[in-house]
2 protein chains.
Amino acid sequence: MSLRIALLGLLSASGPASGYDLTKKFETSLAHVWQAGHSQIYPELAKMAADGLITVEAEGARGRKIYTITPDGRDALHRWLVGHSPSAVPRSEIALQAFLAPLLEPEEALAVLERMKATFEERLRELERLGDPRSKKGYGKYALDLGIRQARMAVGWATDSIADLKASGGAV
Amino acid sequence: MSLRIALLGLLSASGPASGYDLTKKFETSLAHVWQAGHSQIYPELAKMAADGLITVEAEGARGRKIYTITPDGRDALHRWLVGHSPSAVPRSEIALQAFLAPLLEPEEALAVLERMKATFEERLRELERLGDPRSKKGYGKYALDLGIRQARMAVGWATDSIADLKASGGAV
DNA sequence: GTCCGCATGTAAGAAGTTACATGATTCT
DNA sequence: AGAATCATGTAACTTCTTACATGCGGAC
């Protein structure tokens, strides 16, 4: 369902696009929000067209198909945004590793936390490169802000957890 | 893979347990970290036993099977904790909704953000009920702290986004 | 004795990943 | 002519969700 919504959202916000275009947008503007490769996107677009949510507006070179959102599609998107209360499906490899890290020897646990911290810092830098959400406009702004805060929070958590682990001398 | 790791982690940390016990632990101690129902857990346990990572240590009443982690299982768990760098698979319905919310009319977007804020506050209360991670011991402590910080961050984000939306009068 | 919680499973389908496969166009 | 990029698809497999199905044991 969410993939479908993401595609409808992109078509609604940026206008007609091909599967290829949409795949690129997943790699760029949607990268920190939702993930999907072309092998998932192409079949989904076909199903959405069959369901009347989008239509092939034009066919370009190399068999390129340009999809447009239909009124039905806009409806479905609107209904989801207004009516769907998203659940934070708790399935995070990072949290799982954090959960289990205390099973390790203290030095090993420390190394794991340090590695995580480095990952978070890298992620934070990447998101900050995308621009300052306060000065940005349009759709994507709130999500970028959320991503940056998330990364910052994670760096802080890792820093404090490392300090805690060192202070306790591993006596968790 | 991660489900397997989570199961190995529980067996390693809390000792022998049945599929039923493990399912309960997913509902309680692991609830904010990883999600899985019994219909996923039972077949996975069978596969893990076939792979030699766990064994049936005893059979109790009602066909209850008590699994224990084997040295091979401990090995696999250790290797994952030390060697696997978890990727933050970006797939969050919440971020997606935040991303697309500016497509809505301002009042509608506001309602969506308010609803999210309420959800985060509820989640924060739930996690705080589980105890103060600073005073807690053992495995699970760091993950709980992470969860609480996450929820707090999200409440702050929603609050600020609502204020921003109100200030801009919807002129995103 | 019947209801509730314990306890285990299967099946069908949706969603996501990785790899395979193919052909057109543009650039050098 | 060859390489890179555009552009679309399929297939096999893993993971996850929802629903169906069954039976034991203890409490009242």
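Lettering of chains follows the sequences in order, A, B, ..., and the numbering in each one begins at 1.
Separating the CD atom of A:Glu93 from the C1' atom of D:dC16 is a distance of 15 Å, rounded to the nearest angstrom. For A:Lys24 and D:dT8, the NZ to P distance is 11 Å, given to the nearest whole Å. Summarising the geometry, the separation between CZ on B:Phe26 and C1' on D:dT15 is reported as 13 Å, rounded to the nearest angstrom. At whole-Å resolution of the value, CG in A:Leu96 and C1' in D:dT15 are 15 Å apart. For B:Gln35 and D:dC16, the CD to P distance is 10 Å, given to the nearest whole Å.
Comparing A:Arg91 and A:Tyr67 against DNA chain D, the residue whose closest nucleotide sits nearer the 5' end is A:Tyr67. Nearest-nucleotide positions on DNA chain C place B:Ile66 closer to the 5' end than the other of B:Ile66 and A:Glu44.
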Scan the side chains in residues 125-134 of chain B for donor-acceptor partners under 3.5 Å anywhere in the protein, sequence neighbours excluded, and list what turns up.
unit_1   : atom_1 : unit_2   : atom_2 : d
B:Arg125 : NH2    : B:Glu122 : OE1    : 3.0
B:Glu128 : OE2    : B:Arg152 : NH1    : 3.0
B:Asp132 : OD1    : B:Arg134 : N      : 2.9
B:Asp132 : OD1    : B:Arg134 : NE     : 3.2
B:Asp132 : OD2    : B:Arg134 : NE     : 3.4
B:Asp132 : OD2    : B:Arg134 : NH2    : 2.9

Under 3.5 Å donor-acceptor pairs involving side-chain atoms of residues 32-46 of chain B, not counting sequence neighbours:
unit_1  : atom_1 : unit_2 : atom_2 : d
B:Glu44 : OE2    : B:Arg4 : NE     : 2.8
B:Glu44 : OE2    : B:Arg4 : NH2    : 3.3

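For B:Lys117 and B:Glu114, the salt-bridge test fails: no basic side-chain N is under 4.0 Å from an acidic carboxylate O. A salt bridge links A:Asp145 to A:Arg149: at least one charged side-chain nitrogen sits closer than 4.0 Å to a carboxylate oxygen.
The backbone N or O of B:Ser18 sits less than 3.5 Å from a side-chain atom of B:Asp21, completing a donor-acceptor pair.
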Which pairs, protein N/O on one side and nucleotides 24-27 of chain D N/O on the other, fall under 3.5 Å?
none

Look for any protein N or O under 3.5 Å of an N or O in nucleotides 10-14 of chain D and output each such pair with its distance, or none.
none

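The structure places OG1 of B:Thr119 at 12.5 Å from CG of B:Leu124, a figure rounded to the nearest 0.5 Å. To the nearest 0.5 Å, atoms CD1 (A:Ile66) and CG (A:Leu11) are separated by 10.5 Å. Expressed to the nearest 0.5 Å, how far CG of A:Leu81 lies from CG of A:Leu8 amounts to 9.5 Å. Here the CG atom belonging to B:Leu53 is positioned 10.5 Å from the CG atom belonging to B:Leu7, to the nearest 0.5 angstrom.
Side-chain heavy atoms closer than 4.5 Å link hydrophobic residues (I, L, V, M, F, W, Y) into clusters, and following such links, even through other members, never connects A:Ile94 to B:Val89.
For the helix from C:dG1-D:dC28 to C:dT28-D:dA1, the terminal axes (five pairs an end, C1' atoms, rotation from four pairs onto the next four) enclose an angle of 10°, given to 10 degrees.
With a heavy-atom cut-off of 4.0 Å to chain B, the contacted part of DNA chain C has its first and last nucleotide at C:dG5 to C:dT17.
With no hydrogens or angles considered, a side-chain donor-acceptor pair links A:Arg115 and A:Gln97 at under 3.5 Å. In this structure, a donor-acceptor pair under 3.5 Å is absent between the side chains of B:Tyr139 and B:Ser12.
Taking only side-chain atoms of A:Val89, from C-beta outward, the nucleotide of D:dT8, D:dT17, D:dC16 with the closest atom is D:dT17.
Outside the 6.0 Å centre-distance limit, the rings of A:Tyr142 and B:Phe99 are not counted as a close aromatic pair.
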